[in-house]
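The figures here come from the full heavy-atom set of this structure, side chains too, leaving out hydrogens, waters and symmetry mates. When a ligand or atom number is given, it counts from 1 through the structure's own listing order. By convention here, the first residue in the shown sequence is residue 1. The shown structure was predicted, so the numbers you read here are calculated from the model rather than taken from an experiment.
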Amino acid sequence: MKTVERGKFKKMALRQIRTIGDEILTKKSKDVKEMTPRLKELIKDMFETLYDLNGVGLAAPQVGILKKIIVVDVEDEPHVLINPELLESSGEQTGTEGCLSVPGKCGTVTRPNHIKVRFKNEDMETEEMEATELMARAICHEMDHLVGELYVEKVEGPLRDQEEEEEAS
Ligand code: ZN
């Protein structure tokens with residue numbers, strides 16, 4: 001239900017998603033030192049881009065910005081994690097993963113089932129968060145983007161076609 005109020009607001013600012021093969025996706029992102037109006041705009045655009053593409057997570061390098069910023073929204077709870085660090089991880093989950101930078105594909109990836117992360121929020125205050133299951137998977141996936149890694153390097157077995165997957169399930 002996102003079309004009803006369109007027109008009331010200024011045009012959405014969608015960012016272009018970089019896709020696999022683009023060198024920027026293999027590069028390491030830099031720490032954010034201070035929040036600026038430009039970065040706030042970037043974060044807002046990242047959420048709009050994420051929702052437009054029905055994703056659950058997006059990392060700044062995916063829109064061509066090598067800064068340690070990820071946005072995640074699993075079950076209508078938007079989170080911004082700036083300079084995220086993994087403090088703890090435990091357990092294992094094996095499941096299907098896709099990436100907005102690898103359009104139309106998905107594959108099986110094993111991730112920790114529980115993680116604890118430290119990060120800065122949009123006001124650059126330090127926070128810690130624990131996450132499990134899909135949220136943990138999404139954060140791990142997005143944090144990999146910050147070090148220039150794609151899930152395709154961790155995939156177990158072949159990459160599959162997303163459409164076939166949906167038909168099959
Ligand atoms: Zn991704």
Side-chain angles (χ1 to χ4, degrees), residues 12-32 39 41-86 89 91-122 129-166 169:
M12 292 210 303
L14 302 178
R15 303 265 176 146
Q16 197 197 335
I17 298 280
R18 305 297 186 98
T19 53
I20 188 165
D22 190 320
E23 211 175 86
I24 204 157
L25 294 173
T26 66
K27 295 193 170 160
K28 287 186 168 56
S29 291
K30 294 209 163 66
D31 276 329
V32 174
L39 286 182
E41 192 71 27
L42 169 68
I43 291 166
K44 190 172 141 275
D45 292 353
M46 284 172 68
F47 274 115
E48 289 177 356
T49 305
L50 178 72
Y51 296 139
D52 186 61
L53 298 169
N54 293 315
V56 294
L58 188 64
Q62 291 183 275
V63 294
I65 310 284
L66 288 171
K67 297 234 186 247
K68 289 187 188 167
I69 302 174
I70 67 177
V71 300
V72 179
D73 191 342
V74 174
E75 293 174 354
D76 293 328
E77 254 190 73
H79 293 278
V80 183
L81 286 74
I82 298 168
N83 305 341
E85 300 167 67
L86 195 61
S89 69
E92 247 186 32
Q93 54 172 322
T94 299
T96 300
E97 211 163 286
C99 178
L100 296 174
S101 293
V102 190
K105 298 287 177 189
C106 62
T108 302
V109 183
T110 298
R111 300 276 188 190
N113 197 46
H114 169 262
I115 58 166
K116 189 171 173 186
V117 279
R118 180 184 292 152
F119 58 97
K120 303 249 189 259
N121 64 22
E122 249 185 297
M129 176 167 72
E130 293 190 61
T132 59
E133 298 177 20
L134 181 58
M135 185 69 177
R137 174 180 293 282
I139 291 171
C140 290
H141 175 115
E142 301 311 329
M143 282 179 71
D144 279 354
H145 278 297
L146 303 182
V147 292
E149 286 176 12
L150 293 177
Y151 83 95
V152 298
E153 295 157 40
K154 303 190 165 171
V155 78
E156 295 153 35
L159 276 186
R160 304 188 297 272
D161 227 319
Q162 221 164 45
E163 279 172 30
E164 282 172 29
E165 191 83 358
E166 276 160 19
S169 60

*Between the side chains of R160 and T108, does any donor sit under 3.5 Å from an acceptor?*
yes

*Taking 2.8 Å as the upper limit, name the protein N, O or S atoms near the Zn ion (ligand 1).*
C99 SG, H141 NE2, H145 NE2

*Residue list, side-chain hydrogen bond (donor to acceptor under 3.5 Å, both in side chains) with E153, at least two apart or on another chain*: none

*Taking all non-hydrogen atoms of both residues, which atom of T49 and which atom of A13 are closest, and how far apart?*
OG1-O, 4.1 Å

_Qualifying residues under salt bridge (charged side-chain N to carboxylate O under 4.0 Å, His left out), relative to E23, sequence neighbours excluded_ = K27

Residues 60-72 side chain polar contacts: donor-acceptor under 3.5 Å, at least two apart:
residue : atom : partner : partner atom : Å
Q62     : OE1  : A59     : N            : 2.9
Q62     : NE2  : S101    : OG           : 2.9
K68     : NZ   : D31     : OD1          : 3.3

*asked:* Closer than 4.0 angstrom, basic N to acidic O: yes or no for K154 and E97?
replied: no

